[in-house]
Amino acid sequence: MLAVGADRQHGGNDGYDDDPDVHYSWDDTVPNARTVAIGDRIVLWDKEAVLGASLIEGIETGHAEKVLYRCPRCNKANIKRRKRESPQFRCFPCSDTFEVAATRVERVETFRSRHDANWVDLGRCLDGQTLRSLCVSPKSQLSMRPLVWDAFVEALRSAGRGRGAMFLEEAARWVQPCLRGHRPARVRVRVGQRGFRERLLATFGPVCAFTGPGPVAALEAAHLYSYAAVGQHHDDGGLLLRRDVHRLFDQGDIAVDPHTLTISLRDELARYPGYAPLQGQPLAIKLDRGQVGWIEKHWRQHRSDFS
């Protein structure tokens, strides 16, 4: 899967809001859009090198209005935004240049993978040319294309990254086959997520609210409410959480008792030594009044059986 962010040449649309180590977005205008499924192993790259690999935990689907840009002369989509030259667009099929592209709005079905729990950062250990050679069709120009997995794993071993491949192989064994498929969900682009995280780091420092101090790279900005439903970042509605804890908090497996402000685990987590000691412990930070209010709503949503 190609994730190039803002550094893209294709000018036929506005691109996608990819966050490579968390999610990957596409729509039904993309070839192979419907061949991706929960449980699939995926590899993300940026044309220059591999970024990382993971296992898809879920696929959210929805619908959106997509703006498509076309050459005003030949109506083709194969146009390029030029960074330094003017006019800003060039059409490859007819070689025309123009400042303003023709536009049309098309309703599309959207897809977004969730794959953060098993993400393996591969440190750009394979360059783009090597990665292309490992595809089923090495000369393909598609943004999503099948990979020869065994050959990819062997290349990782040769690059000294065999452990990452072993982790993904192990993860693939316990993903339940019955979970394969797409789950309809309400999806909203998280504009401003980076700034939201930076404000939380400035306020609390590199501290997971549940487990204590940790490396910045392992901490995520967690919303105490459904961002998809609310659609904005409330500074009193977030905490820094370790990635695995964030996932469990979103699912309600870990919560905060609003009466005692102590951590509450679902029974099935108690058998894991990495989580069991958290039961009944106070948070590692002090909550303000707004955060307590959001925590209470989270508790009512996920622990109504305890209220």
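In Q141, the CD atom is not crowded: 12 or fewer heavy atoms of neighbouring residues, nucleotides or ligands sit closer than 6.0 Å.
Both I285 and L261 are members of a single hydrophobic cluster when ILVMFWY side chains are connected at heavy-atom separations under 4.5 Å. Under a hydrophobic clustering in which Ile, Leu, Val, Met, Phe, Trp and Tyr are joined whenever their side-chain heavy atoms come within less than 4.5 Å, directly or via other members, M144 and V136 fall into different clusters. Side-chain heavy atoms closer than 4.5 Å link hydrophobic residues (I, L, V, M, F, W, Y) into clusters, and following such links, even through other members, never connects V36 to V22. V292 and V207 end up in the same hydrophobic cluster when Ile, Leu, Val, Met, Phe, Trp and Tyr side chains are linked at under 4.5 Å.
Ring orientation note: the planes of F249 and F210 are nearly perpendicular, at an angle over 60° on the 30°/60° scale. Taking the six-membered ring where the residue is Trp, Y24 and W26 present tilted rings, their angle falling between 30° and 60°.
Across all their heavy atoms, V30 and S143 have their closest contact at CG1-OG, 3.6 Å. Residues L219 and R242 approach most closely at CD2-N, 4.0 Å, considering heavy atoms. Pairing each heavy atom of V256 with each of W299, the nearest pair is O-CE3, 3.2 Å. A pairwise comparison of heavy atoms in L241 and A222 identifies CD1-CB, 3.5 Å as the closest pair. For H115 against L55, the heavy-atom pair with the smallest separation is CB-O, 3.6 Å. Residue V43 comes nearest to A53 through the heavy atom pair CG2-CB, 4.1 Å, listed as atom of the first residue, atom of the second, then distance.
Summarising the geometry, atom SG belonging to C71 is positioned 10.5 Å from atom CZ belonging to F89; distances are rounded to the nearest 0.5 Å. Distance check, rounded to the nearest 0.5 Å: CG of D27 to CZ of R107 gives 12.0 Å.
D244 places no side-chain N or O within 3.5 Å of a backbone atom of R247 that could act as its donor or acceptor partner. Of the possible polar contacts, none joining the E296 side chain to the G293 backbone as a donor-acceptor pair under 3.5 Å is found. In this structure, the side chain of Q279 does not engage the main chain of S264 through any donor-acceptor pair within 3.5 Å.
Among pairs with a residue in residues 130-146, none fulfils salt bridge (charged side-chain N to carboxylate O under 4.0 Å, His left out), at least two apart in sequence or across chains.
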- prompt: Passes salt bridge (Lys or Arg N to Asp or Glu O under 4.0 Å), R124 versus E48? Steps please.
  reply: CA-CA 8 Å; R124 308 181 72 83; E48 300 299 325; 5.9 Å; no
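If you check the side chains of Q129 and D127, you find no donor sitting under 3.5 Å from an acceptor.
Between L126 and W45, every side-chain heavy-atom pair lies at or beyond the 4.5 Å cut-off.
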